[in-house]
Number of protein chains: 4
Amino acid sequence: MTPAVAVHDKAEAILGAALELFVERGFHGTSVPSVAERAKVAAGTIYHYFSSKEALVNALYKRWKEALVAEITSSVDSSKAPREQFRSVWMRMAAFAIKYPKELAFLELHHHASYLDAECLGIERQVFDLGVLIVTEAQTIQALRNVPAGILLEFAQGAFVGIFRAAIEGRLPLTLETFQQAEQCAWEAVRG
Amino acid sequence: MTPAVAVHDKAEAILGAALELFVERGFHGTSVPSVAERAKVAAGTIYHYFSSKEALVNALYKRWKEALVAEITSSVDSSKAPREQFRSVWMRMAAFAIKYPKELAFLELHHHASYLDAECLGIERQVFDLGVLIVTEAQTIQALRNVPAGILLEFAQGAFVGIFRAAIEGRLPLTLETFQQAEQCAWEAVRG
Amino acid sequence: MTPAVAVHDKAEAILGAALELFVERGFHGTSVPSVAERAKVAAGTIYHYFSSKEALVNALYKRWKEALVAEITSSVDSSKAPREQFRSVWMRMAAFAIKYPKELAFLELHHHASYLDAECLGIERQVFDLGVLIVTEAQTIQALRNVPAGILLEFAQGAFVGIFRAAIEGRLPLTLETFQQAEQCAWEAVRG
Amino acid sequence: MTPAVAVHDKAEAILGAALELFVERGFHGTSVPSVAERAKVAAGTIYHYFSSKEALVNALYKRWKEALVAEITSSVDSSKAPREQFRSVWMRMAAFAIKYPKELAFLELHHHASYLDAECLGIERQVFDLGVLIVTEAQTIQALRNVPAGILLEFAQGAFVGIFRAAIEGRLPLTLETFQQAEQCAWEAVRG
DNA sequence: CATGAATGAGTTTTCATTCAT
DNA sequence: TATGAATGAAAACTCATTCAT
């Protein structure tokens, strides 16, 4: 579940500091010196590991997006009943959200940003297309509501993100229970 | 529905230009000179109408948040049945989203940003509290599912935003029909 | 003889300061703040008038190269005898060197530098081609020695530059007399 | 003719790489890491052989200036006639220019630069003074034109450099013939 | 000897803001 | 009111140099 091993202490410190600051202040609101300060390295050191500030966000984005995607795809098991599959995916995402709240917040925040490179945007697209495929299949056996697959997908993802955001902003407890309750709502929303 | 009348052409041009740029590039990614250029005014002129760049976002945020809140609250009619009330609120928001997509995107993007002042954040809280009140009432008559009011609220709002984002990013058509289909899902999610 | 009128005081101050520093320390050895300091303007002001440090050298180069070229071309008078024409061109360049020593030193120093744009390099080529033409014509009437035109041209120009450099470096007096004496040598070198 | 034997491969590689880069981009335009990269050594290695970037240019300058001076002085033979002596010096310099074009270009480019130390500048002066002595002597027997010795010296050197530069910039062929033709011009310029 | 990660001062450049006109 | 030239602090990034390995 944990992504890429920490080969370089400094690089890891930089990635960690950057993650926090990008979540707190956004990409343009975060200066490279501020990242250096929080990572306790010199400003120049950042450029040993990342060719630019953009390369830094992209590295961060790719790392955690891949971790999230791995989490989701590994939780898909087509041998199970649709109800179980849905719960499984939702709750794995919930577990990820609870374990890596800053990281997920970062991914949410930088969704489709102009400074993400083609590769990062490609991962997004890929996941979306896979989602559409699975939903469409489930619709043929009437396991899911008969509306455009994109709507079901975006609806459920939006709902999840809504719950998650409320949790990290302190309006809901960031617990499995919160996500479980939301999951029941979500299933009713999408079921056939 | 349209907010505050345009007293000053220049001020309006500035607000319009700023809105677009803040959506395109974010607050920190937008420079005051670039706002001036798009608004076709001199950079100094912006400071006749707004004391700072922060004052500008806040003015923009307050204007459109209030417009959105007015839209939502005016669509609440407790004499109607819960199902009708829900549909009414959801579809009014949809109409707003279709009429003012950039403006709604702006509100979404700047949600809880550190440069928003207390007044702006206050509006948020206020709306949330009102929502909790209404939901809780509806729950007492078993019109809505018996889970914490906050969860229902954040779930529905998150789902709406998910659909809206997908629409402005081109993955779904930005039409009333899209929102109607999502509304049916949403009602099933929250109904008692 | 004086190039472009001084419309903007600050722009002129910047150009003047940059000229001096580029001569003293070279392009890469001169920092933008140091130019600002000598010009008595803020560092940012330089970027109101010149889009980059490169644009600044290019503006400077073009201005003075054109002034020099104008000086030389205006001194060509094909109705005069070859001996007189040669003396005329040489002494006009000498007058330019004495009047604008820093400026000529700047042009010499930045000859063919990698940061000069195509337009600047174009002027060089143009002048060279014109020179070859004139020399070749003079050779047909046996007024000039019968060696490749380029050799005569580069020889005479090199000799002139040698004298000029020695003068600004203090090894020769920077006077008309110095150039007159050199002119006699030069004519003997190239005459037919 | 070849200067200082290569004791250390690495040091030689560094000197060679530095020479090329200083010619291509100038002293301030060349970074130590770029020298290291072209020399295929680590950046730190450069500091084992040269105490600083300045020490590196100075070592390079001294090495090649001395080689050039040795070449010239060894070609002076006061027993020969002035015409022969002149040709001999000129053509030896030409041979040097053809054999070591980059090295000569380097010497030309860094002439009198502020980062050269006293020793380097001393060599310059010494050669100049020797030249003045020889020229003055030749003038007493009316072998050379009766103008200030410095003028003859700077004129001839300037002409040589002009031809050389044109050659390395591709406007003239870098061949003995080019220099022979220029030598005839030069002799006519300076002869008594 | 040789390396290259690490540093931090210095580079070019941008930008929020001011102010004389 | 409106302008836009001017400012200077701060941004992203580079680089000469050091030092632990």
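Residue numbers begin at 1 in each chain, while the letters A, B, ... track the order of the sequences. All values below were derived from every heavy atom in this structure, side-chain atoms included, with hydrogens, water molecules and symmetry-related copies excluded. Everything quoted here is computed from the prediction, not taken from an experiment.
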Note to self: I'd like to know whether B:Phe50 forms a side chain to side chain contact (heavy atoms under 4.5 Å, CB included) with B:Val57, so could you lay out the CA-CA distance, the side-chain angles of the two residues, the decisive distance to 0.1 Å, and finally the verdict.
What the structure shows: CA-CA 9 Å; B:Phe50 307 96; B:Val57 228; over 6 Å; no

Next item on the list: Kindly determine whether B:Val41 and B:Val35 satisfy side chain to side chain contact (heavy atoms under 4.5 Å, CB included), including the steps that lead there.
Entry: CA-CA 9 Å; B:Val41 301; B:Val35 173; over 6 Å; no

Notebook entry, point to check: Can you list the steps and then say if D:Arg25 with D:Ser34 is a side chain to side chain contact (heavy atoms under 4.5 Å, CB included)?
Noted result: CA-CA 11 Å; D:Arg25 310 179 196 173; D:Ser34 71; 4.2 Å; yes

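Side-chain contact between C:His111 and D:Arg165 is present, with heavy atoms from C-beta onward closer than 4.5 Å. A heavy-atom distance below 4.5 Å is found between the side chains of C:Glu12 and C:Leu15.
Annotation for D:Ala18 and D:Leu60: closest pair CB-CD2, 3.9 Å, computed over non-hydrogen atoms.
Atom pair A:Ile14:CD1 and E:dT7:C1' shows a separation of 12 Å (rounding to whole Å applied). F:dC15 atom P lies 18 Å from atom CD1 of A:Ile46, rounded to whole Å. As a whole-Å value, the separation of A:Glu12 CD from E:dA6 P is 13 Å. When rounded to the nearest whole Å, the span between CD of A:Glu37 and P of E:dA6 equals 19 Å. Rounded to whole angstrom, the span from the CG atom of D:Leu56 across to the P atom of F:dA16 amounts to 11 Å. Between the CG atom of D:Leu21 and the P atom of F:dC15 there is a distance of 12 Å, rounded to whole Å. In this structure, A:Phe50 places its CZ atom 14 Å from C1' of E:dA5, rounding to the nearest Å. Between the CG atom of D:Asp9 and the P atom of E:dC1 there is a distance of 12 Å, rounded to whole Å.
Pairing analysis of DNA chain F (Watson-Crick: purine N1 to pyrimidine N3 plus N6-O4 or O6-N4; G-U wobble: N1-O2 and O6-N3; both under 3.5 Å) yields stems of 3 or more pairs at E:2-21 with F:2-21.
Side-chain N/O atoms of B:Tyr49 include one lying less than 4.0 angstrom from OP1 or OP2 on F:dA2.
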Next item on the list: Going 5' to 3' through nucleotides 13-21 of chain E, assign each nucleotide B (protein heavy atom under 4.0 Å from a base atom), S (under 4.0 Å only from sugar-phosphate atoms) or - (no protein heavy atom that close).
Entry: BBSSBB---

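Summarising the local packing, CD of D:Glu108 is surrounded by more than 12 heavy atoms from other residues, nucleotides or ligands at distances under 6.0 Å.
With respect to the salt-bridge test (charged N to carboxylate O, under 4.0 angstrom), the residues D:Lys65 and D:Glu124 qualify.
For D:Glu54, the side chain to side chain contact (heavy atoms under 4.5 Å, CB included) criterion is met by D:Phe27, D:Ser52, D:Asn58, D:Tyr115, not counting sequence neighbours.
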